[in-house]
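Remarks on the structure that follows.
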Amino acid sequence: QSVLTQPPSVSAAPGQKVTISCSGSSSNIGDKNNYVSWYQQFPGTAPKLLIYDNSKRPSGIPDRFSGSKSGTSATLGITGLLTGDEADYYCGTWDSSLSAHVFGTGTKVTVL
Amino acid sequence: QLQLQESGPGLVKPSETLSLTCIVSGGSISSGDYYWAWIRQPPGKGLEWIGSINYSGSTWYNPSLKSRVTISVDTSKNQFSLKLSSVTAADTVVYYCTRHTPGSGYLNWGQGTLVTVSS
């Protein structure tokens, strides 16, 4: 089972903001040497990198998406929610104790 | 633009070895700046990192799969491969090949390939 815990689902109306939490431990998110990344996945397609190194956005990712990390948790924020943002979102990071890259349980975003 | 494409059998018998190859185009697999990884996902479920390799062949494996996994790189063909031995029905998942920088996010992904383990 995953060592990173995310809420199963979050929802909001178009134009609103949602935040997705990713809770870990001192061996993964809480380790200052480990960076958190976030992925967006639509059904039947490969995940897409939204955030890397805790808060950086790859080229082409709008600034509606933001990431932060504090202690043993990380957060993905999506502002100005669009119907096209309906997807599954995953966090990921390295776990120093497991010596493995680990992913979160995933969160389904629904635009009401 | 870098593209990754998984190839290999879509059906493998139980107890046999699953073999997949990721063909890299639009960039060199020999770039020292990047690592190459395999990630898998059961239908409707979350992501699982299988392992990573760099251009020189150094590997890092998920401890939960390490006894059954071999990842290799062929720089002459610009591709890297996954072998997973002694497969069971639990290995029936979608397999993705990806590129990432060490300790950072997985930027490039293949489209994924579903491998079914069944007799």
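Note: hydrogens, waters and symmetry copies are ignored here, and every other heavy atom, side chains too, is used.
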Using only the distance criterion (under 3.5 Å, no hydrogens considered), which donor-acceptor pairs connect chain B with chain A?
residue  : atom : partner  : partner atom : Å
B/Gln41  : OE1  : A/Gln41  : NE2          : 2.8
B/Gln41  : NE2  : A/Gln41  : OE1          : 2.9
B/Gln41  : NE2  : A/Tyr90  : OH           : 3.4
B/Lys45  : O    : A/Tyr90  : OH           : 3.3
B/Tyr96  : OH   : A/Gln41  : NE2          : 3.3
B/Tyr96  : OH   : A/Thr45  : O            : 3.3
B/Ser104 : OG   : A/Asp53  : OD1          : 2.9
B/Tyr106 : N    : A/Tyr39  : OH           : 2.9
B/Tyr106 : OH   : A/His101 : ND1          : 3.4

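- Contact count versus chain A (heavy atoms, under 4.5 Å) is highest, among B/Gly110, B/Gly112, B/Gly103, for B/Gly103.
- No continuous path of hydrophobic side-chain contacts links B/Phe80 to B/Ile23 [ILVMFWY only; heavy atoms under 4.5 Å].
- In terms of heavy-atom proximity, A/Phe103 sits nearest to B/Ile39 at CZ-CD1, 3.7 Å.
- Both B/Ile53 and B/Leu2 belong to a single network of hydrophobic side chains, linked directly or stepwise wherever heavy atoms of I, L, V, M, F, W or Y lie under 4.5 Å apart.
- Chain B forms more heavy-atom pairs under 4.5 Å with one residue of A/Gly44, A/Pro58, A/Ala100 than with any other, namely A/Ala100.
- When the side chains of ILVMFWY residues are joined at heavy-atom separations under 4.5 Å, either directly or via intervening members, A/Leu76 and A/Val10 end up in a single hydrophobic cluster.
- When the side chains of ILVMFWY residues are joined at heavy-atom separations under 4.5 Å, either directly or via intervening members, A/Ile51 and A/Val18 end up in a single hydrophobic cluster.
- Under the 4.5 Å side-chain heavy-atom criterion for ILVMFWY residues, a single connected hydrophobic cluster contains both B/Ile71 and B/Val73.
- For B/Leu114, no part lies under 4.5 angstrom from a heavy atom of chain A.
- Contacts with chain B were tallied for A/Pro47, A/Gly104, A/Gly92; A/Pro47 has the most, counting heavy-atom pairs under 4.5 Å.
- At most 12 non-hydrogen atoms from other residues, nucleotides or ligands lie less than 6.0 angstrom from OH of B/Tyr55.
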